[in-house]
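These notes are about the structure you will find just below.
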Protein chains: 2
Amino acid sequence: MNKPRARLTKREQLMKSALELFAKNGIHATGIDAIVERSGVTKKTLYAHFMSKEELVVAVLRQYDEQARNEIRRQVENGGKTARGRLLAVFDFAEKWFQQDDFYGCLFINAIGEFSEKSAPIRQICMEYKKSLKGYIRELCEQAGASNPQGLAEELGMLLEGATVTAQISQNPKTARIAKRVAKVLIDKGIPKVG
Amino acid sequence: MNKPRARLTKREQLMKSALELFAKNGIHATGIDAIVERSGVTKKTLYAHFMSKEELVVAVLRQYDEQARNEIRRQVENGGKTARGRLLAVFDFAEKWFQQDDFYGCLFINAIGEFSEKSAPIRQICMEYKKSLKGYIRELCEQAGASNPQGLAEELGMLLEGATVTAQISQNPKTARIAKRVAKVLIDKGIPKVG
DNA sequence: GTGTATGTATACTGATCTGTATACTTTATG
DNA sequence: CATAAAGTATACAGATCAGTATACATACAC
């Protein structure tokens with residue numbers, strides 16, 4: 001029933017500011033004070049909503065996870081009518097993403113680089129996200145009639161990661177097109193022609 | 001004339017310890033005290049060799065840059081006789097790398113995630129490393145007679161980044177083989193057959 | 001309207017951060 | 001052997017870290 005709200009709640013303000021700072025500067029480099037200052041909310045209120053910084057980080061990553069999943073599905077579904085077209089639309093989505101001013105690479109890849117401990121819940125969330133993304137690509141591969149959907153999905157997923165990291169480093173969104181070019185080759189090879 | 005030394009100099013001990021900690025825990029999360037403790041060298045000595053933490057970070061990244069360039073060239077040159085074989089050997093190198101116990105992803109990719117400011121010298125070093133690696137791959141592509149060496153190098157470089165990140169996240173070195181499989185397809189397509 | 005939730009403002013704690021200072025010890029070299 | 005460089009040990013300074021405490025203000029439900 002979620003009635004839409006005009007203004008953001010304090011919680012939403014905090015999570016939005018935290019996300020922006022985590023994405024730009026990393027998690028360890030972002031202090032509570034900076035989040036509090038940017039959000040315009042007091043520290044007391046922050047700790048009324050989140051028990052600790054880690055809980056805030058986890059909440060932000062989870063929310064971003066969900067939003068990113070929805071956004072990619074929405075754009076991919078709009079971007080292609082056939083399953084093959086939707087697979088390629090993944091890389092059109094990537095290009096738009098890379099072009100954003102606030103693109104600082106994949107939040108999850110960056111987070112993994114800061115938390116190597118296997119036990120870290122932050123790592124867990126990142127792994128789940130990537131797993132679900134690969135699952136989605138595999139679904140599209142199945143729908144497209146790939147002879148080995150899992151294998152093709154692994155290839156395309158890896159390609160997307162590579163394009164993301166390369167775009168982050170080179171500050172050049174064209175890497176998405178290079179990846180799309182490769183994707184075409186892999187898709188044509190992995191999906192048997194009909195007729 | 002570099003006479004080989006039995007024990008490491010203090011400087012080398014510091015850089016070795018710093019590298020290990022940066023790779024495992026990230027740069028921001030690694031304090032000077034931790035580096036000092038691990039290296040068994042006092043803080044005073046550290047600051048006699050490096051003016052600041054940033055200078056130490058830069059020195060460590062530069063040294064790793066050089067070592068990594070040498071190591072990949074060595075292994076690639078040993079791993080294949082033909083230019084095509086050497087291109088594929090890049091991914092054999094990757095597999096060995098991913099299998100190491102102290103593999104925590106690419107140091108440079110992780111560092112970039114912590115320093116988004118374009119002005120940051122750390123970013124600069126990371127960009128240079130990736131540029132030089134792509135340059136090396138392009139050389140191999142030229143030697144292999146690729147019709148578009150630059151384009152093929154971009155594709156293969158991106159693939160390597162993707163494999164690295166995916167191995168880091170999934171903790172599974174087999175991503176190197178997936179990347180190699182894709183590389184074969186791209187190489188066969190990008191290098192005109194003779195005869 | 002009146003109390004309770006939730007918020008602000010601000011000061012604080014104790015730990016940790018980068019970097020420095022002081023006093024002593026080892027080590028290499030002429 | 002004498003001396004200077006380089007290192008140890010340790011304490012410290014000032015900033016910033018995550019998180020808490022106190023006192024006051026606002027907004028909303030009954």
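Every chain is numbered from 1 and lettered A, B, ... according to where its sequence line falls, protein lines coming before strand lines. Side chains included, hydrogens not; waters and symmetry mates left out as well; all remaining heavy atoms used.
Where B:G40 and A:S52 each meet DNA chain D at their nearest nucleotide, the meeting point lying more 5' is that of B:G40.
Rounded to whole Å, atom C1' of D:dG19 lies 10 Å from atom CG of A:D33. Following rounding to the nearest Å, B:E37 (CD) and D:dT8 (C1') show an atom-to-atom distance of 15 Å. Nucleotide D:dA18 holds its P atom 10 Å from the NE2 atom of A:H28, rounded to whole Å. Residue A:M51 contributes atom CE, which lies 11 Å from atom C1' of D:dG19 at whole-angstrom precision. Separating the NZ atom of A:K44 from the P atom of D:dT22 is a distance of 10 Å, rounded to the nearest angstrom. We find that CG of B:L46 is positioned 16 Å from C1' of D:dT10, with the value rounded to whole Å. We find that CG of A:L8 is positioned 13 Å from P of C:dG7, with the value rounded to whole Å. Here the P atom of nucleotide C:dG19 and the CG atom of B:L56 are 10 Å apart, to the nearest Å.
Residue contacts shown for A:H49 are limited to sugar-phosphate atoms, with no base heavy atom under 4.0 Å away. Contact annotation for A:K43: base contact, defined as any heavy-atom pair under 4.0 Å involving a base atom.
At D:dG7, none of the side-chain N or O atoms of B:K10 fall inside 4.0 Å of OP1 or OP2 (strictly under the cut-off). For A:T45, a side-chain nitrogen or oxygen approaches OP1 or OP2 of C:dT8 to under 4.0 Å. Side-chain nitrogen and oxygen atoms of A:K53 include at least one within less than 4.0 Å of the OP1 or OP2 phosphate oxygen of D:dA18.
Distance from the side chain of B:Y47 is smallest for C:dT20 among the nucleotides C:dT8, D:dT8, C:dT20.
Glycosidic conformation of C:dA5 is syn; the angle stays within 90° of 0.
Of the possible donor and acceptor atoms, none in the side chain of B:D65 sits under 3.5 Å from a partner among the backbone N and O of B:E128.
No side-chain donor-acceptor contact under 3.5 Å links A:Q143 and A:E139. A donor and an acceptor atom, one from each side chain of A:E71 and A:Q67, are nowhere located under 3.5 Å apart.
Taking the ring centre of A:Y136 as origin, the terminal cationic atom of A:R69 falls outside the region bounded by 6.0 Å and 45° from the ring axis.
Checked against the 6.0 Å centroid threshold, B:F108 and B:Y64 count as a close aromatic pair.
With a 3.5 Å ceiling on both atom-pair distances, the Watson-Crick or G-U wobble partner of C:dC12 is D:dG19.
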